[in-house]
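Here's the structure, in structure tokens; my notes come after.
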Amino acid sequence: MKFRNILLTTFAASAFVIGTTSCSDSFLDEKMYSSYGPEVSDVNAKLVGLHRQYAAIWGMSSQQGFVGCWQVGTDVGAPGDTQGVEVPFYRYQELNAENAGVSFLWEKLYELINSANQIIASQAEGGDAAATAEAMFFRAYAYNMLVTLWGDVPLVTESTSIPRTDYTRNAVAEVDGVIDSDLVYAMSNLPVVGAAKNESRINQDMARQLAGEAYLRMGMRDASYFKKAEDAVTPIIIGGKYELISARYGKYAAEPGDYYHDMFRWGNQRRSQGNMEAIWTFEMEYNRDVNGGTIDNPQQRRNWVPAFHKLDGMVNADSIGGRGNGRLRISNFVKYGLYEKGDIRNSNYNIRRVMWYNKPGFSKEVGIDAKGFLVDKDKGVRNVTLKTGDQVIPHEGDSLNVFYPHPTKWGAYDETDDFGYAVVKDWPVMRLGETYLLRAEARFRQGNTQGAADDINVLRDRAFKDYRAVAPGAGKVTADQIDIDFILDERARELISEENRRMTLVRTNTLAERIKLNGDVEPAAPSNKVITGFDANIHTLLPIPLTEIQLNKDGNLKQNPGY
């Protein structure tokens with residue numbers, strides 16, 4: 001099996017040992033200047049290295065569509081102006097063991113595991129329990145993702161320093177034993193919220209949230225884990241350290257907006273900035289974060305925000321999310337069938353459906369067809385003059401890339417980078433809204449539909465708070481409405497563009513059924529923008545990367561069926 005960090009250490013580039021001679025000249029002795037070298041003694045620096053590796057996964061830019069792999073081809077995601085790596089995730093007949101997104105994630109997760117193993121081993125004899133717990137959190141995170149997406153995978157709990165070619169796949173239940181043990185240790189030995197070295201560093205509640213998700217997956221194999229999932233997340237809910245955001249706050253409170261939108265605006269996302277719903281906000285702002293700056297060039301905004309900069313009359317601005325590329329669209333299911341009237345999560349600040357021309361001095365005479373789309377004037381339709389401040393009227397063909405309803409959670413504008421290649425704002429990873437959803441799912445799985453409805457109603461009380469002034473009781477749900485589809489719908493309403501939707505659907509064994517909801521066959525869409533070729537017997541799990549199988553010549557990394 002090929003682990004890149006066997007040959008190239010996690011914390012610094014290795015020196016390649018060419019050979020040995022009898023020469024005693026000291027200038028030939030290697031000296032490591034990087035503080036992230038393999039012999040670094042500062043365990044805190046090594047832990048920061050884990051955060052950097054996490055950021056390197058979700059901040060990759062060389063394959064801009066990587067972010068879309070985990071959304072497109074599900075119930076919530078449809079292709080836009082795709083970059084390439086994500087195409088086989090909706091044209092499933094093309095998904096194979098050489099997909100760059102599949103290979104990248106597998107490789108990076110095992111790099112994270114190997115680095116965590118190094119730290120855990122270094123603290124084995126009377127070491128720092130909190131450091132061990134933080135490393136175990138990341139190891140559990142990586143293995144939970146691996147077994148969710150691939151099933152049986154090699155289980156490696158010791159750091160490797162020489163290449164191995166004899167790996168085999170361990171059963172999911174065996175890997176789950178390590179995940180469970182790691183998370184139990186982490187929940188007991190990590191610092192409480194507010195006591196970590198930095199608010200982005202791992203604390204007990206982050207481990208509890210991860211445990212809730214992992215135990216729900218394990219419960220599909222062993223139902224006793226559903227109670228463990230509920231018990232893991234309940235302390236977050238009742239501990240008094242968090243609250244759902246239900247009032248305007250922060251640096252934009254005087255500007256147009258709403259309280260839900262405030263959570264996701266640049267400079268409002270951290271607990272120290274007033275976001276008391278945040279459990280894990282990964283810090284990515286320039287030179288202010290746990291890891292010293294942005295990692296690579298994260299592509300989340302360029303995926304989720306359409307390329308409205310291509311419209312005449314539009315210029316990039318923070319209020320409209322900055323510059324996107326429209327690589328990923330929310331499905332028709334989300335756009336037209338998911339939200340009820342009055343749900344603040346569907347306000348124009350959160351799912352932007354309407355925009356206004358904002359280019360100073362803009363004025364243009366155009367034609368508008370019977371459908372309300374902008375067309376060339378020579379088609380004989382009535383003419384109007386559009387100007388700055390008027391509502392944007394797109395071309396009919398713009399709906400695949402340039403202009404369409406889109407979530408705003410990743411939007412931000414950096415005045416020093418109008419081109420907007422990288423996300424420079426923080427990442428919302430875990431928050432209290434999802435905690436309620438995890439516990440609702442755990443309660444439902446145990447037959448407690450009333451408890452599940454109670455948890456979901458906490459979220460819907462927040463979502464419909466303003467609308468209830470005119471429609472009392474709007475949004476309330478009852479126990480008899482609760483099933484797994486309702487919970488997954490509510491997760492989409494609450495967590496669109498935040499959660500890894502593919503992982504959620506795979507861990508709940510619902511990917512095949514939920515794909516049918518997508519409904520995103522646009523009238524103007526070419527056939528290559530439609531979900532095709534999905535086979536539940538093949539595509540529920542991902543293929544083992546071909547390079548891993550080929551390099552593991554002395555072992556048996558058996559491929560998943562159908563690939």
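Both backbone and side-chain heavy atoms feed into the values below; hydrogens, waters and symmetry mates do not.
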Counting only heavy atoms not in Lys241, do more than 12 sit closer than 6.0 Å to its NZ atom? no
Under a 4.0 Å N-O cut-off, is there an ion pair linking Glu86 with Arg327? no
Sub-3.5 Å donor-acceptor pair from the side chain of His309 to the main-chain atoms of Gly324, do we have one? yes
Please determine, by modelled atom types, if Tyr215 and Asp180 share a side-chain donor-acceptor pair under 3.5 angstrom. yes
Asp75 pairs by salt bridge (charged side-chain N to carboxylate O under 4.0 Å, His left out) with which of Arg514, Arg491, Arg502? Arg514
Just verifying a value: how many Å separate Ile393 CD1 and Leu311 CG, rounded to the nearest 0.5 Å? 11.0 Å
Using the benzene-type ring in the case of Trp, are the ring centres of Phe486 and Phe444 under 6.0 Å apart? no
For His539 and Tyr92, take the angle between the two ring planes, folded into 0 to 90°, and tell me which bin it lands in: parallel under 30, tilted 30 to 60, perpendicular over 60. tilted
Quick check on the 6.0 Å ring-centre criterion: do Phe264 and Trp410 meet it? no
Measuring centre to centre across the rings, with the benzene-like ring taken for any Trp, is Trp266 within less than 6.0 Å of Tyr413? no
Counting N and O atoms only, with roles assigned by atom type, does the side chain of Asn457 sit under 3.5 Å from a partner on the main chain of Arg460, one being a donor and the other an acceptor? no
Should the pair Phe66 and Phe104 be assigned to parallel (<30°), tilted (30 to 60°) or perpendicular (>60°) ring geometry? perpendicular
Measure the shortest side-chain to side-chain distance between Leu210 and Met430 over non-hydrogen atoms and say whether it is less than 4.5 angstrom. yes
Arg431 to Tyr242, cation-pi by 6.0 Å centre distance and 45° axis angle: no
So, do Trp280 and Gln209 sit near enough that their side-chain heavy atoms are less than 4.5 Å apart? no
If the threshold is 4.0 Å, N to carboxylate O, is there a salt bridge linking Asp454 and Arg443? no
If you define the side chain from C-beta out and look only at heavy atoms, does anything of Ile202 sit under 4.5 Å from Leu50? no
What do the steps show when you test Glu396 against Lys371 for salt bridge (charged side-chain N to carboxylate O under 4.0 Å, His left out), and what is the final call? CA-CA 9 Å; Glu396 189 168 5; Lys371 296 181 180 179; 3.2 Å; yes
Closest heavy-atom contact between Leu216 and Phe226? O-CE2, 3.5 Å
Go through Arg323 and Asp417 one step at a time and tell me if the salt bridge (charged side-chain N to carboxylate O under 4.0 Å, His left out) criterion holds. CA-CA 10 Å; Arg323 187 181 186 275; Asp417 179 23; over 6 Å; no
Using only atom types and a distance under 3.5 Å, with no angle test, would you say the side chain of Asn348 pairs donor to acceptor with the backbone of Val354? yes
Check step by step if side-chain contact (heavy atoms from CB on, under 4.5 Å) holds for Arg501 and Leu488. CA-CA 10 Å; Arg501 188 62 172 183; Leu488 291 171; 3.9 Å; yes
Give me the atom names and distance for the closest heavy-atom approach of Arg345 to Ala463. NE-CB, 3.6 Å
For Gly433 versus Glu277, what's the shortest heavy-atom pair and its separation? N-OE2, 3.2 Å
Please tell me whether Trp150 and Trp106 form a close aromatic pair, meaning their ring centres lie under 6.0 Å apart. yes
For His395 and Phe403, I'd like to know if the aromatic rings sit close, meaning centre-to-centre distance below 6.0 Å. no
Can you pull out every salt bridge (charged side-chain N to carboxylate O under 4.0 Å, His left out) where at least one residue sits in residues 531-541? Sequence neighbours excluded, please. none
Start with the C-alpha distance between Arg265 and Asp262, add both sets of side-chain angles, then the distance that settles salt bridge (charged side-chain N to carboxylate O under 4.0 Å, His left out), and finish with yes or no. CA-CA 6 Å; Arg265 297 205 66 181; Asp262 282 342; 5.7 Å; no
Establish, from distance only, whether the side-chain atoms of Gln269 and Thr281 form a donor-acceptor pair under 3.5 Å. no
Do the side chains of Arg507 and Glu213 get nearer than 4.5 Å, heavy atoms only? yes
Return the orientation label for the Tyr141 and Phe137 ring planes: parallel under 30°, perpendicular over 60°, tilted otherwise. parallel
